[in-house]
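Just so it is clear, the values below take in all heavy atoms, side chains as well, and ignore hydrogens, waters and symmetry mates.
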Amino acid sequence: MQIIPAIDLRGGKCVRLRQGDYNQETVFSDDPAEMAMRWVDLGGDFLHLVDLDGARDGSLANLDAIERIVSAVHVPCELGGGIRSEDAIRRMLDLGLRRLVVGTLAIRQPQWFKEMCAKFPRKLVLGIDARDGFVATDGWLETSQTSAISLAQQFDDVPLDAIIYTDIATDGMMSGANVPAMREMKDAVRVPVVASGGVSSIEDVRRLSEAGLDACIIGRALYEGAIDLRDVCGKF
């Protein structure tokens, strides 16, 4: 199972939110590129970037920080947040990002997303952020009536590169991963599934690996030292 450090960007800084709440922000670094290099030096071979301003406002807002990160590291990076047009997809891929995470527009315009997956095969990731099993959109500010599983299955026959499944209730809370929900998603689709939210210990990583997840994203636990990246990279 691949271990993917998370770098969440807001106002050009590296931050973490609790349960996606923009009013519960902790700033961990004023230099996201330096943080990216730190995770790579400790063994990270793939980075997960999130434009939090973009996720909330619907347009890319941390381009300078994103460009600096991509230029500073030699490992592939993915980006989520604010990817809501074909132009944005082309622009970010041209910047050197390995793949892009689309969430809000996938639920609002599923046919458009299928078309984008066909145009950019294996370059797009379906980002599913769920609260109590239902999909949240617009930077987690709104909860839809669509179940996470049913959304994922709509796209099981398109050339996605992966699904990133985030449990909002646990994200940033250091309360442990929602392994049953992650296992349910993994069992429901054929595409690789990346677990996100609440990973707070090596035991969480082990349980996700045993549940068959293809990768897991770790955020606050790395920043607060609860997990040492060197202890988990390449061991699960």
Side-chain angles (χ1 to χ4, degrees), residues 1-10 14-26 28 39 44 46-52 54-56 78-81 101-104 106-107 125-144 146-149 151-152 162-189 191-227 229 232 236:
M1 184 176 71
Q2 188 176 36
I3 308 299
I4 306 177
I7 298 177
D8 290 1
L9 303 167
R10 188 180 184 199
C14 178
V15 309
R16 295 297 294 171
L17 307 181
R18 291 185 181 275
Q19 296 181 310
D21 187 343
Y22 285 72
N23 294 316
Q24 297 189 61
E25 174 190 272
T26 303
F28 283 101
W39 298 139
F46 199 101
L47 298 178
H48 175 73
L49 315 181
V50 180
D51 185 336
L52 291 171
R56 181 189 57 193
E78 66 185 8
L79 171 70
V101 186
V102 179
T104 294
I107 183 173
V125 172
L126 175 60
I128 301 181
D129 305 324
R131 181 183 286 111
D132 298 323
F134 290 91
V135 177
T137 63
D138 299 282
W140 301 356
L141 298 176
E142 302 292 336
T143 302
S144 73
T146 302
S147 79
I149 296 294
L151 176 64
I163 290 172
I164 294 178
Y165 188 31
T166 302
D167 179 61
I168 295 176
T170 60
D171 189 76
M173 298 301 291
M174 296 291 288
S175 59
N178 187 343
V179 178
M182 300 299 154
R183 182 187 292 111
E184 183 182 15
M185 178 62 75
K186 175 62 180 175
D187 291 343
V189 296
V191 67
V193 176
V194 181
S196 176
V199 180
S200 57
S201 67
I202 292 179
E203 177 63 15
D204 284 334
V205 178
R206 183 188 65 77
R207 291 173 62 219
L208 288 168
S209 178
E210 291 176 350
L213 277 297
D214 299 275
C216 80
I217 293 170
I218 308 178
R220 185 175 289 271
L222 293 178
Y223 291 90
E224 295 188 349
I227 296 177
L229 191 58
V232 292
F236 292 92

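Closest non-hydrogen pair, Val135 versus Leu151, comes out as CG2-CD2, 3.7 Å. Val194 approaches Ala162 most closely through the heavy-atom pair CG2-CB, 4.3 Å. Residue Leu208 comes nearest to Ala177 through the heavy atom pair CD1-CB, 4.0 Å, listed as atom of the first residue, atom of the second, then distance. Shortest non-hydrogen contact noted between Ala211 and Val179 is CB-CG1, 4.0 Å. Heavy-atom minimum distance, Ala221 versus Ser200: CB-CA, 3.8 Å. Here the shortest heavy-atom pairing between Ala152 and Leu126 reads CA-CD2, 4.1 Å.
Contact annotation: the side chain of Pro5 never approaches that of His48 to less than 4.5 Å [non-hydrogen atoms, C-beta and beyond]. No side-chain heavy atom of Val50 sits less than 4.5 Å from a side-chain heavy atom of Leu79.
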Could you walk me through whether Met182 and Asp167 satisfy the side-chain contact (heavy atoms from CB on, under 4.5 Å) test, starting with their C-alpha distance in whole Å, then the side-chain angles of each, then the deciding distance to 0.1 Å, before giving a yes or no? CA-CA 9 Å; Met182 300 299 154; Asp167 179 61; 3.9 Å; yes
For side-chain contact (heavy atoms from CB on, under 4.5 Å), just list the numbers for Thr26 and Glu224, CA-CA rounded to whole Å, side-chain angles, deciding distance to a tenth of an Å, and then say yes or no. CA-CA 11 Å; Thr26 303; Glu224 295 188 349; 5.8 Å; no
Run Ile218 and Ile227 through side-chain contact (heavy atoms from CB on, under 4.5 Å) and show every step you take. CA-CA 9 Å; Ile218 308 178; Ile227 296 177; 4.2 Å; yes
For the pair Ile128 and Ile164, evaluate side-chain contact (heavy atoms from CB on, under 4.5 Å) and give the outcome as yes or no after the intermediate values. CA-CA 6 Å; Ile128 301 181; Ile164 294 178; over 6 Å; no
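Within the structure, the ring-ring contact (aromatic ring centres under 6.0 Å, His included) test picks out the following pairs touching residues 200-224 (sequence neighbours left out): Phe28-Tyr223, Trp39-Tyr223.
The side-chain contact (heavy atoms from CB on, under 4.5 Å) test with Ile217 is passed by exactly one of Ile3, Ile4, Thr166: Ile4.
If you take CG on Leu213 and CE on Met185, they are separated by 10.5 Å, rounding to the nearest 0.5 Å. The line from CD of Glu210 to CE of Met1 is 9.5 Å long, rounded to the nearest 0.5 Å. The CG atom of Leu9 sits 7.0 Å away from the CD1 atom of Ile7 when rounded to the nearest 0.5 Å.
In this structure Asp187 satisfies the side-chain contact (heavy atoms from CB on, under 4.5 Å) test together with Arg183, sequence neighbours excluded.
For the pair Lys186 and Asp214, the salt-bridge criterion is met [side-chain N within less than 4.0 Å of a carboxylate O].
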